[in-house]
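See structure below.
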Amino acid sequence: MAQVTPAQRLFDLSGEVALVTGASSGLGRRFAQVLAAHGAKVVAAARRSERLAALAEEHPAILPLVLDVTDTASFPAALEEAERLAGSLSLLLNNAGIASGRRILDTPEEEWRAVQQANVDSVWHLSRAFAARLAGAKRPGAIINIASLVAERVGVSSAAYAVSKAAVLHMTKAQALEWARHGIRVNAICPGYIHSEMTDAYLASPAGQEMIRRIPQRRAGDPSDLDGALLLLAAPRASGFMTGASVFVDGGHSLA
Ligand SMILES: NC(=O)c1ccc[n+]([C@@H]2O[C@H](COP(=O)([O-])OP(=O)(O)OC[C@H]3O[C@@H](n4cnc5c(N)ncnc54)[C@H](OP(=O)(O)O)[C@@H]3O)[C@@H](O)[C@H]2O)c1
């Protein structure tokens, strides 16, 4: 009988230390909970400190860190602080992001810049700082970038956001190519519509309900629908030979 690693061990994250951005709500909050439940130490980062404190109360392995991902100059100190809190980082989850819901001609310059800063510049700079740190110490690791269904398909009234997520997807591939030599795997999750503070008002609206009818599975996702993709990409035993991949979790929306 061939030796088979049991699933519990395959997805065991004991010894992993993760930094999750945008952990104060929605997907990021769930990612922090799932990683901690599987044995990782998790530094949960965002701006709203009271939300982070409440999350940290839930699990002793979740440690809060106030971080604004648009403040790129603060990243080296933030990584230093994350390692002081939790030990040597092995996983970065670039999840923080903001939406924009306007047509191109109606999008003010400040909104375009804000979306690219929060969704693209942040991933570029934080990933660089993280990879430089690991490469310098000759430590392997992984990055998971949260892109989106709209990284590959566009819709009306979400151009600035869709362009930012397309950049994240392309960045994932470029990072994977350059950092494989340092033992750093880089993959993306592309969620479809998932219930969160970002989407709930839209999903409840008549336009949102109409859109849900066009999703092959006829529903929006719950943050827990991403648990499997997250664990797959986070666990070195499960995805040690995966890099540059994008996992779509969208109820079949990208096919419709
Ligand atoms: N929900 C969906 O349907 C869906 C689909 C595809 C992709 N996504 C992506 O998934 C990620 C999470 O979205 P979500 O749905 O969970 O939305 P959400 O509930 O609004 O959460 C967004 C998170 O990002 C953080 N954030 C925003 N700007 C930040 C900044 N400047 N510095 C630090 N943190 C910042 C927020 O924390 P603070 O405000 O406390 O800083 C919050 O924790 C985003 O990248 C989003 O684009 C979501």
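Counting starts at 1 for both ligands and their atoms, following the listed order. Since we're looking at a predicted model, the values are computed, not measured.
For Leu27, heavy-atom contacts with ligand 1 shorter than 4.0 Å involve the backbone as well as the side chain. Contacts of Arg29 with ligand 1, taken as heavy-atom pairs under 4.0 Å, are absent altogether. When heavy-atom distances to ligand 1 are checked against a 4.0 Å cut-off, Ala147 comes that close only through its backbone atoms N, CA, C and O. When non-hydrogen atoms are compared, ligand 1 lies under 4.0 Å from the backbone of Leu67 (N, CA, C, O) but not from its side chain. When non-hydrogen atoms are compared, ligand 1 lies under 4.0 Å from neither the backbone nor the side chain of Ala118.
Residues Lys173 and Glu178 are not paired through a salt bridge, judged by the lack of any N-O separation under 4.0 Å between the basic side chain and the carboxylate. A salt bridge between Lys165 and Glu152 is absent, with no side-chain N of the basic residue lying under 4.0 Å from a carboxylate O of the acidic one. Arg29 has no carboxylate O lying under 4.0 Å from a charged side-chain N of Glu197, or vice versa, which leaves the two without a salt bridge. With respect to Arg153 and Asp250, no salt bridge is recorded, no charged nitrogen being found less than 4.0 Å from a carboxylate O. Between Glu109 and Arg113 there is no salt bridge, since none of the side-chain N atoms of the basic residue sits less than 4.0 Å from a carboxylate O of the acidic one.
Here Arg30 contributes atom CZ and Leu230 contributes atom CG; the two are 9.5 Å apart, rounded to the nearest 0.5 Å. For the atom pair CG (Leu169) and CG (Asn145), the distance works out to 9.0 Å, reported to the nearest 0.5 Å.
On a distance-only criterion, Leu149 and ligand 1 share no N/O pair closer than 3.5 Å. Considering backbone and side-chain N/O atoms, Val69 comes within less than 3.5 Å of an N/O atom of ligand 1. Checked by distance only, ligand 1 and Tyr193 stay at 3.5 Å or farther apart across all their nitrogen or oxygen atoms. Checked against a 3.5 angstrom limit, the closest N/O atoms of Ser148 and ligand 1 fall outside it.
Listed by number with element, the atoms of ligand 1 under 4.0 angstrom from any heavy atom of Tyr161 are 6 (C), 7 (C), 8 (N), 9 (C), 46 (C), 47 (O). Each of the following atoms of ligand 1 lies closer than 4.0 Å to a heavy atom of Thr70: 31 (N).
At the top of the distance list for atom 14 (P) of ligand 1, counting protein heavy atoms only, stands Ser196 OG, 3.5 Å.
Proximity of Thr21 to ligand 1 is not established, as no heavy-atom distance is less than 4.0 Å.
With Ser24, Ala45, Ala32, Ala99 as candidates, the residue nearest to atom 36 (C) of ligand 1 on a non-hydrogen basis is Ser24.
Between Glu111 and Ser100, the shortest heavy-atom contact is OE2-CB, 3.1 Å.
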